[in-house]
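Have a look at the structure below, then the notes.
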Amino acid sequence: MEIIESIPALNEALTIAGKSGNSIGFVPTMGALHEGHMALVRRARQVSDVVVVSVFVNPTQFNNPDDLKLYPRTPEKDAALLKKNGCDIAFFPSVTEVYPADYQTPEVPLGNLDAVMEGEFRPGHFRGVVQVVNRFFEVIRPQKAFFGLKDFQQVAVIRHMVRFLELPVEIVPCPTLRETTGLAMSSRNVRLSGNGKADALTIYRSLMAAKEKSADHSPAEIMLAMKEAYKSSPLELEYFTIVHPDTLEPLADEWVPGATACVAAYCEGVRLIDNMTLTEQTA
Ligand code: AMP
């Protein structure tokens, strides 16, 4: 595995690795890597000739400076994990490498995709996500890019970006990896105490409860019941919303195939997100 920090070095490595029509699979990350990320890397390994993983804490997608400052950074451990899981090129760029002074970000209107949930509570977040992913697509030119459904809204935003800019890349969504307890794996979990991890299970339990209730309750009834339930939990709920899987429009009285419950809540001051599909998808 090559560890690369600059775009010229990346270009050189890609020219060598990508010749003779080799396909490139790309996994963007912010580091503090865990098994959830590794599932993406292994998936990329299965279907690509060359696997490129970026490790970059993108400042433009953080609306809260403390969150950016406290975001865990473990580059040595990340490099070792990537090597073990079949990454060919690990790209660890600096902020100035990713955003040179003359860099122009394409405008991608996101409409409702940016008006709800993460878009509502983290203004500017998806603008930053679009900016960084587009920049990496531009320099890496992958055929496939792998994203975790843990960030459900992000997948919808990136798919929209690819359609809007007509980019020649296939977006491959990958399922959420969980601890055996049900807690969704996240880089932010390292900031939780043992008690915090137990408290954070409220999120998984609320999603499971919503799934069970979806058989005989409307989305609006479930959302109301869950908001009530969080009031007596140790977590501070930001939103519990059930949405259409493509448009992300909140549902009220009617179910649609693939209806998805999405949650953001604070546990010990750490912002956690998770989601679960409640109703069968259509083929
Ligand atoms: P991040 O480093 O948090 O930006 O995540 C990088 C990629 O890994 C994103 O596509 C995430 O959705 C994905 N990811 C993070 N946690 C998980 C998980 N528990 N299961 C699957 N994918 C994940």
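Because the structure is a prediction, the values reported are computed rather than measured. Whatever order the structure lists them in is the order used to number ligands and atoms, beginning at 1.
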Which ligand 1 atoms are under 4.0 Å away from a heavy-atom of Tyr71? 3 (O)
Residue pair Glu5 / Ser94, side-chain donor-acceptor N/O under 3.5 Å: no
Decide whether Tyr239 and Glu120 meet the rule of one side-chain donor and one side-chain acceptor closer than 3.5 Å. no
Does any N/O atom on His37 come nearer than 3.5 Å to any N/O atom on ligand 1? yes
Examine the side chains of Thr60 and Gln131 and answer whether a donor and an acceptor come within less than 3.5 Å of each other. yes
Does ligand 1 have an atom that lies less than 4.0 angstrom from a heavy atom of His34? yes
Among all protein non-hydrogen atoms, which one is nearest to atom 4 (O) of ligand 1, and what is the separation to 0.1 Å? Met30 CG, 3.6 Å
Would you mind listing which atoms of ligand 1 come within a distance below 4.0 Å of any non-hydrogen atom of Gly148? 9 (C), 10 (O), 11 (C), 12 (O), 13 (C), 22 (N)
Quick check: Ser186 and ligand 1, any N/O pair under 3.5 Å apart? no
Min over Met185, Arg43, Arg178 of heavy-atom distance to atom 19 (N) of ligand 1 lands on Met185
Donor-acceptor under 3.5 Å (Asp114 side chain, Leu110 main chain): no
With only distance considered, is Pro28 within less than 3.5 Å of ligand 1 through an N or O on each side? no
Looking at Pro175, which atoms of ligand 1 are within less than 4.0 Å of one of its heavy atoms? 20 (N), 21 (C)
Which of the atoms of ligand 1 are close to Leu40, meaning less than 4.0 Å from one of its heavy atoms? 7 (C), 8 (O), 10 (O), 13 (C), 22 (N)
In ligand 1, which numbered atoms sit nearer than 4.0 Å to a non-hydrogen atom of Gly36? 18 (C), 20 (N), 21 (C), 22 (N)
For Glu138, is the CD atom crowded, meaning more than 12 foreign heavy atoms sit under 6.0 Å from it? yes
For atom 20 (N) of ligand 1, what is the closest protein heavy atom, and at what distance to 0.1 Å? Leu177 N, 2.8 Å
Which heavy atom of the protein is the closest neighbour of atom 12 (O) of ligand 1, given with residue, atom name and distance? Asp151 OD2, 2.6 Å
Test of ring centre spacing under 6.0 Å for Tyr71 and Phe62: yes
Pairing donors with acceptors under 3.5 angstrom, does anything connect the side chains of Tyr230 and Thr202? no
We want to know whether Gln143 and Ser23 form a side-chain donor-acceptor pair, criterion being a heavy-atom distance below 3.5 angstrom. no
Hey, are Asp88 and Arg45 close enough for a salt bridge, meaning a charged N less than 4.0 Å from a carboxylate O? yes
